[in-house]
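Side chains included, hydrogens not; waters and symmetry mates left out as well; all remaining heavy atoms used. Numbering starts at 1 and runs along the sequence shown.
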Amino acid sequence: MKKITQILLIFLVVATQTLSAQDSPITIAPSVTSSPGSGISIPVKVISFTTIGSISLTLKYDPLVLNYLSGINNSGYPALSINSPSAGTIIIGGFSSLPNGETFPDNTTLFTLNFTYLGGTSSLNWFDDGESCEYSGPLGNTILNDTPQGSYYICGTVGQNQEYAPSTIAPSVTSCPGSVISLPVKVTSFNSIGSISLTLNYDPLVLNYLTGINNSGYPGLSINCPSAGIIIIGGFSSLPAGETYLDNSSLFTLNFTYLGGTTGLNWFD
């Protein structure tokens, strides 16, 4: 009977420990994009942030991609410090003296990291050697479970905005042999364009090139036909913001004599 009692007591102790066990919050670094030379803010959010007594986090990044500027304690977690002891490493720590620690709603921004984005791609990696990333319960008495690491510390990335060229549209037209035809080349999404380099191929047995007209006034736009069947267009804007035109603006017009037959107007890239 005594042995049975001992077994029951051991079971009750294990069950109590299991019920009182607490998991760490989920800490999320985002994936963001920016333009080289721009300032970039990286909000770090948390989920299941309940009765947290202390914080210890270490974030690694590529200092050739990001230049650390500052950290902001958005959540107001007590005595939260955000420091970069060396390029590529940020250490975050804090402690609450409240008996029940701190509790925040899901998706609260715990803190924000501010950088200058230099260009390229960098991971935002949580570095966990056992103590470098960990949370504790109230008053720091109990280290919370954070295994497996990838389930509790979500890494992010920083990369460059993907920019797209304008759409450049050559028309489809019909005419009578011997006529002069004008082919307006239109553009859409022509935003902040600093330079233009275009090559158009056509069949010189169908079209005889005459002239090109810069309808848009794009700076220094040249339209040349170095040999029959090829037209090369180029230009450069010295404005810091480049040139921006409304959708379906005529960038330039090409004038030909139509000799008869059919030809494609093909952009050679």
Query raised in the report: Roughly how far apart are Leu80 CG and Ser54 OG, rounded to 0.5 Å?
Result: 11.5 Å
**Report entry** For the student: nearest non-hydrogen atoms of Asn83 and Pro85, plus distance
**Finding:** O-CD, 3.5 Å
Query raised in the report: Taking all atoms of both residues into account, what is the closest heavy-atom pair of Pro184 and Ser250, and its distance?
Result: CB-OG, 3.9 Å
Query raised in the report: With distance as the sole test, does Ser189 use its side chain to make a donor-acceptor pair with the main-chain N or O of Ser167 at under 3.5 Å?
Result: no
Query - Same apolar cluster: Leu205 and Phe256, side chain cutoff 4.5 Å - result: no
**Report entry** Path from Ile92 to Leu66 over hydrophobic side-chain contacts below 4.5 Å
**Finding:** yes
Report task. Could you walk me through whether Ser136 and Thr142 pass side-chain contact (heavy atoms from CB on, under 4.5 Å), step by step? Result -> CA-CA 5 Å; Ser136 77; Thr142 305; 5.9 Å; no
Requested in this report: Kindly compute the distance separating CD (Gln160) from OG (Ser35), expressed to the nearest 0.5 Å.
Outcome: 6.5 Å
Query raised in the report: What pair of heavy atoms forms the shortest contact from Tyr77 to Ile52, and how long is it?
Result: OH-O, 3.1 Å
Query raised in the report: Below 4.5 Å, heavy atoms only, C-beta onward: do Val65 and Tyr117 meet side chain to side chain?
Result: yes
Query raised in the report: Does the ring centre of Tyr68 sit less than 6.0 Å away from the ring centre of Tyr61?
Result: no
Query raised in the report: Ser41 and Asn114: side chain to side chain donor-acceptor pair (under 3.5 Å), yes or no, with the steps?
Result: CA-CA 5 Å; Ser41 295; Asn114 298 311; 2.7 Å; yes
Query raised in the report: Stepwise, does the side-chain contact (heavy atoms from CB on, under 4.5 Å) test hold for Leu183 with Leu265?
Result: CA-CA 10 Å; Leu183 304 178; Leu265 302 171; 3.7 Å; yes
Query raised in the report: Is there side-chain contact between Pro219 and Glu243, with at least one heavy-atom pair below 4.5 Å?
Result: yes
Query raised in the report: Can Trp126 be reached from Ile143 by stepping across I, L, V, M, F, W or Y side chains whose heavy atoms are under 4.5 Å apart?
Result: no
**Report entry** Pro43 vs Pro30 side-chain heavy atoms within contact, under 4.5 Å
**Finding:** yes
Requested in this report: Report yes or no: does Ser195 contribute a side-chain atom to a donor-acceptor pair with the main-chain N or O of Gly235 at less than 3.5 Å?
Outcome: no
Query raised in the report: Just by modelled atom types, is the Gly242 backbone N or O under 3.5 Å from a matching donor or acceptor in the Ser192 side chain?
Result: no
Query raised in the report: Linking I/L/V/M/F/W/Y whenever any side-chain heavy atoms sit under 4.5 Å apart, do Ile181 and Leu251 land together?
Result: yes
Query raised in the report: Hey, are the side chains of Thr244 and Ile193 touching, using non-hydrogen atoms and a 4.5 Å cut-off?
Result: no
Report task. Please assess Leu57 against Asp128 for the test side-chain contact (heavy atoms from CB on, under 4.5 Å), listing each intermediate value before the final yes or no. Result -> CA-CA 8 Å; Leu57 297 170; Asp128 186 4; over 6 Å; no
Query - Distance, nearest 0.5 Å, that separates CG of Leu200 from CG of Leu254 - result: 6.5 Å
Query raised in the report: Any sub-3.5 Å donor-acceptor pair from Ser122's side-chain atoms to Asp62's backbone N or O?
Result: yes
Requested in this report: Indicate yes or no for a side-chain donor-acceptor contact from Ser31 to the backbone of Gly156 under 3.5 Å, with no hydrogens or angles considered.
Outcome: no
**Report entry** Any side-chain heavy-atom pair of Asp146 and Asp23 under 4.5 Å
**Finding:** no
Query raised in the report: For the hydrophobic clusters of this structure (ILVMFWY residues joined by side-chain heavy atoms under 4.5 Å, transitively), does one cluster hold both Leu198 and Tyr245?
Result: yes
Query - Short side-chain to backbone donor-acceptor contact, Asp129 and Glu131, under 3.5 Å - result: yes
Query raised in the report: Does a side chain donor of either Asn214 or Ser216 reach within less than 3.5 Å of an acceptor in the other side chain?
Result: yes
Query raised in the report: Looking at CD1 of Ile231 and CZ of Phe268, how far apart are the two atoms once the value is rounded to the nearest 0.5 Å?
Result: 15.0 Å
Query raised in the report: Heavy atoms, side chains only, cut-off 4.5 Å: are Leu124 and Val158 in contact?
Result: yes
Query - Set of side-chain hydrogen bond (donor to acceptor under 3.5 Å, both in side chains) partners for Thr50, sequence neighbours left out - result: none
Query raised in the report: Between the side chain of Ser123 and the main-chain N/O of Asn125, is any donor-acceptor distance below 3.5 Å?
Result: no
Report summary line: In this structure, CD of Glu102 is separated from OH of Tyr135 (nearest 0.5 Å) by 13.0 Å
Query - Matching residue for Lys45 among Thr109, Asn107, Thr27, Thr108 - test: side chain to side chain donor-acceptor pair (under 3.5 Å) - result: Thr109
**Report entry** Centroid-centroid under 6.0 Å between Tyr218 and Phe252 rings
**Finding:** no
Requested in this report: Kindly indicate, with the supporting measurements, whether the criterion side-chain contact (heavy atoms from CB on, under 4.5 Å) is fulfilled by Ile55 and Leu110.
Outcome: CA-CA 11 Å; Ile55 297 171; Leu110 185 61; 4.2 Å; yes
Query raised in the report: If you take all heavy atoms of Asn73 and Gly76, which pair is closest and at what distance?
Result: OD1-N, 2.9 Å
**Report entry** Inter-residue atom distance Ser151.OG - Asn145.CG, 0.5 Å rounding
**Finding:** 9.5 Å
Query raised in the report: Is there a side-chain contact between Val46 and Ile28 (heavy atoms, below 4.5 Å)?
Result: no
Query raised in the report: Under 3.5 Å, is there a donor-acceptor pair between the side chain of Asn74 and the main chain of Thr112?
Result: yes
Query raised in the report: Looking only at heavy atoms, which two atoms of Thr253 and Ser182 are closest? And how far apart?
Result: CG2-CB, 3.8 Å
Query - Test side chain to side chain donor-acceptor pair (under 3.5 Å) applied to Asn266 and Tyr202, step by step - result: CA-CA 7 Å; Asn266 299 318; Tyr202 64 93; over 6 Å; no
Report summary line: Taking every heavy atom of Leu118 against every heavy atom of Pro36, the minimum-distance pair comes out as O-CB, 4.0 Å
Query raised in the report: Tell me, do Phe190 and Ser249 make a side-chain contact under 4.5 Å, heavy atoms counted?
Result: no
